Every structure is written in C-alpha cells, then in structure tokens.
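Numbers here are sequence positions counted from 1. Being a predicted model, the structure only gives us computed values, none of them experimental. Just so you know, ligand 1 is whichever comes first in the structure, and atom 1 is the first atom listed for that ligand.
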Amino acid sequence: MLHLSTDIIANAYSFYVAEQNEATLTRLLRAVSNLLREGADVQIPVSLAAQAEGQLALVTHTTGDGQVFVAAFSSAEAFGTTQSDEYALIARPLVNYFEAVLQMDGIAGIVFNPASPAPFTMHKKMLKELLQQLADHPQKNGINVVRGDITTFDCDAIVNAANSTLLGGGGVDGAIHFAAGQELLEECKTLGGCDTGEAKITYGYKLPSTYVIHTVGPIYDGKVSQRLDLANCYQNSLELAKKYHLHSIAFSAISTGVYGYPLDEAARIALLTCTQWLNANPEYGMEITLVCFNNAVLKSYEEIIEAAKRGELEE
Ligand code: APR
C-alpha cells in the first residue's frame with residue numbers, strides 16, 4: 001500500500017511500477033495529462049560537462065532495440081537514486097519539453113525515471129496525442145448532473161458518503177468498497193476515521209477512478225447547523241482534490257440515503273457549494289459531476305437547477 005503524496009505522478013508511477021497493466025498505465029497518463037494542463041515542471045537531467053561549456057546536453061537512454069529516448073524524472077526524489085556528479089537537474093514545463101522533444105531528430109520520445117524498476121517510456125506519438133488532447137479539450141470549470149452508479153465513473157476521484165469510522169458500510173459506501181476491493185479497506189484503516197464535514201483521500205485500487213475521497217455527511221436531525229456540515233463535505237472534498245492536482249470529480253448525494261437528509265435541501269446545498277467553489281477558483285478547471293443513483297435524487301437536482309435558472313436559488 002502506498003502512502004499517498006500530492007506528487008501525483010510519483011503516486012501514479014509507484015502503482016505502475018508495482019504492477020504494469022492498463023489501469024495503472026491509464027492513471028499514469030491521466031496524472032501526466034493533469035500536470036500538462038497545470039503547466040507543471042518536469043525534472044530534466046543535463047550533462048554538467050556540457051553545461052560548463054555553455055551547452056545544454058540532454059541525457060539520453062538507448063533501449064535494447066536501439067531506440068534513443070531523452071530522460072526525465074517525475075521528481076527530484078526519483079532522480080536522487082541515480083544522482084551522479086556528471087548530471088544536474090533543470091526544471092522545465094512539461095508542455096515545453098514535450099514540444100521540444102517532438103522536434104528532435106533521432107529521438108523516439110521521453111523515458112521517465114530511466115533507472116527505476118519499470119522505466120516509463122512515452123513515444124512521440126503519445127506526446128503528440130496528449131498535446132492534442134490539451135488543445136482540443138482545454139480544462140474548464142463545469143458541473144453536470146447525471147443518473148448512474150458512481151463505482152463505474154472513470155475520473156480522477158469519486159466522493160464516497162462514508163461514516164466516521166471509514167471502515168465501510170452499506171449504500172454507496174458499500175458499493176465503493178465492494179468495487180475497489182480489500183486494499184481500499186486496508187488503506188482506510190490507516191486514516192484514523194473522519195469527522196463530519198471533513199474529507200480524506202485514498203487510492204482507487206480496482207475502481208476506474210484514480211482516487212476515492214471519503215467524506216462524512218451529517219445524520220439528519222433538523223438542526224440548521226447541519227447545512228454547514230453538509231456544505232463542508234463538498235467544500236473540503238473539492239479543496240482536497242485541488243491539493244492533489246485533480247481535475248475531474250464525481251460526488252454521490254451525500255447524506256441523502258441512510259443519513260436521511262431531505263433531498264431538496266441536500267441538492268440545493270450541493271449545487272450552491274460546488275458553484276461557489278468554482279466561482280472562487282475560476283481558472284482551476286474542475287469538472288464536477290453530481291451522480292444520482294435513482295430518479296428521486298435526479299429530480300431534486302433538476303428542480304434546483306431550474307430554480308437557479310429562474311434566479312430563485314437563494315443562498
Ligand atoms: N452510486 C451512486 N450513488 C449511490 C450508489 C451508487 N452505487 N449507491 C447509493 N447511492 C446513493 C443513494 O441513493 C443516496 O442518494 O448515495 C446517496 C447516499 O446514500 P448512502 O449511501 O445511504 O449514504 P448516506 O446517506 O450519506 O449515509 C451514510 O450509510 O452506507 C452507510 O457507511 C455509510 O454509515 C454511512 C451511511
């Protein structure tokens with residue numbers, strides 16, 4: 001089990017090293033794509049000798065079949081294992097490095113962390129596809145409401161309506177744990193529970209989503225203070241997603257099942273809180289999906305959206 005760090009390439013990469021399969025590769029590419037969108041840097045090793053002569057000589061890595069890749073490291077820590085007195089690291093925006101490599105003759109692509117047990121190679125075709133994706137689908141803020149089963153959503157994070165033990169339960173909590181597998185519970189056991197309105201993050205394991213954000217809604221008793229508790233579930237989940245550089249998040253309808261929160265008010269709080277968060281983070285690019293498991297929840301959200309369009313959605 002991995003201790004999650006906010007360096008999402010290092011996170012995704014360590015799961016890819018542990019097991020190369022379609023899911024871990026998809027998650028690694030999604031992490032690279034998210035950092036491309038954020039203009040994040042990548043660590044590039046350059047030759048010290050060449051640098052001393054005012055040149056910029058990139059370190060290359062030739063594979064068994066003779067293909068030549070330029071090297072890159074997902075983090076200074078990843079470089080640390082191969083640190084030598086011949087190279088230094090320079091940080092450059094990932095998008096610029098991709099564009100530069102595409103212009104290099106005789107170079108097949110980029111190899112991330114070449115000295116690791118599972119070097120991650122990205123051929124020029126993949127670099128081009130990721131840059132094209134960036135151009136075709138600039139990340140933008142948005143909210144949409146859909147009917148569905150949240151355990152099937154292939155996004156950066158799904159949000160679980162958990163209880164304060166974080167040790168699983170029924171409802172969506174049970175469905176998420178069932179779909180993710182035993183490792184999710186093992187990681188949840190390390191989190192020390194969660195207070196109402198708070199949010200904690202784990203890896204998604206066998207789920208299509210990379211991460212699961214667990215939040216605990218209020219058990220409805222009619223107190224006005226519970227509106228803030230429920231709003232905090234959405235607010236803190238979004239803040240945690242931003243901290244982990246995530247750009248697509250799907251929420252279940254927190255507290256509207258076993259915890260008995262009235263659907264209309266819960267839907268209004270969810271929509272208002274998410275809209276206010278997007279307005280407070282206009283440049284971030286977060287795609288929010290509110291997932292309704294049945295028509296009753298879907299109808300509540302749709303009625304609130306209509307009320308908002310008529311300007312009747314009071315704070
Ligand atoms: N996908 C999306 N939404 C779902 C799914 C699913 N697979 N399964 C249930 N839901 C919906 C329910 O229809 C409801 O609208 O999730 C919403 C929240 O209902 P609950 O899962 O009952 O969660 P909550 O009301 O917050 O109560 C939390 O229930 O399951 C236990 O361990 C959990 O103790 C905690 C309590």
Just going by heavy-atom distances, which of G257, A266, S252, A250 is nearest to atom 19 (O) of ligand 1?
-> G257
Near A161, which atoms of ligand 1 are under 4.0 Å from a heavy atom of that residue?
-> 23 (O), 26 (O), 28 (C), 33 (C)
May I ask you to decide if A253's main-chain N or O and Y261's side chain share a donor-acceptor pair within less than 3.5 Å?
-> no
Protein heavy-atom partner closest to atom 1 (N) of ligand 1 - residue, atom, separation in Å = I150 N, 2.9 Å
Hey, does G174 sit under 4.0 Å from ligand 1 if you only count heavy atoms?
-> no
Please identify which atoms of ligand 1 are closer than 4.0 Å to at least one heavy atom of N294.
-> 13 (O)
Would you call K309 and E306 a salt bridge, taking side-chain N to carboxylate O under 4.0 Å as the test?
-> yes
For atom 30 (O) of ligand 1, what is the nearest protein heavy atom, given as residue, atom name and distance?
-> G170 O, 2.6 Å
Protein heavy atom at shortest distance from atom 10 (N) of ligand 1 | F293 CB, 3.6 Å
What protein heavy atom sits nearest atom 7 (N) of ligand 1, and how far off is it?
-> D149 OD1, 2.9 Å
Determine whether the side chain, the backbone, both or neither of T256 has a heavy atom under 4.0 Å from any heavy atom of ligand 1.
-> both
Hits for side chain to side chain contact (heavy atoms under 4.5 Å, CB included) against L185, two or more places apart or cross-chain, chain-then-number order -> L167, H177, Q182, K189
For ligand 1, which atoms have a heavy atom of V297 less than 4.0 angstrom away?
-> 15 (O)
For atom 36 (C) of ligand 1, closest protein heavy-atom neighbour | Y259 CE1, 3.4 Å
Just distances here: any N/O of V172 and N/O of ligand 1 closer than 3.5 Å?
-> yes
For the residue pair Y203 and Y205, categorise the inter-ring angle as parallel (less than 30°), tilted (30 to 60°) or perpendicular (more than 60°).
-> perpendicular
Atom 17 (C) of ligand 1: which of G168, A253, G148 has the nearest heavy atom?
-> A253
Can you tell which of R37, R30, E38 makes a side chain to side chain donor-acceptor pair (under 3.5 Å) with H247?
-> E38
By salt bridge (Lys or Arg N to Asp or Glu O under 4.0 Å), K125 pairs with (sequence neighbours left out) E129
Of all protein heavy atoms, the one nearest atom 29 (O) of ligand 1 is V258 CB, 3.6 Å
Identify the protein heavy atom lying closest to atom 26 (O) of ligand 1, giving its residue, its atom name and the separation to 0.1 Å.
-> S255 N, 2.9 Å
Output the list of atoms in ligand 1 that are nearer than 4.0 Å to some heavy atom of D173, sorted by atom number.
-> 30 (O), 32 (O), 33 (C)
Distance-only polar pair, side chains of T289 and N144, donor-acceptor under 3.5 Å = yes
Mind telling me whether W277 and Y284 have parallel, tilted or perpendicular rings, with 30° and 60° as the class edges?
-> perpendicular
Residue from I176, V212, V291, N160 passing side-chain contact (heavy atoms from CB on, under 4.5 Å) with T151 = I176
Any side-chain heavy atom of I90 sitting closer than 4.5 Å to one from Q51?
-> yes
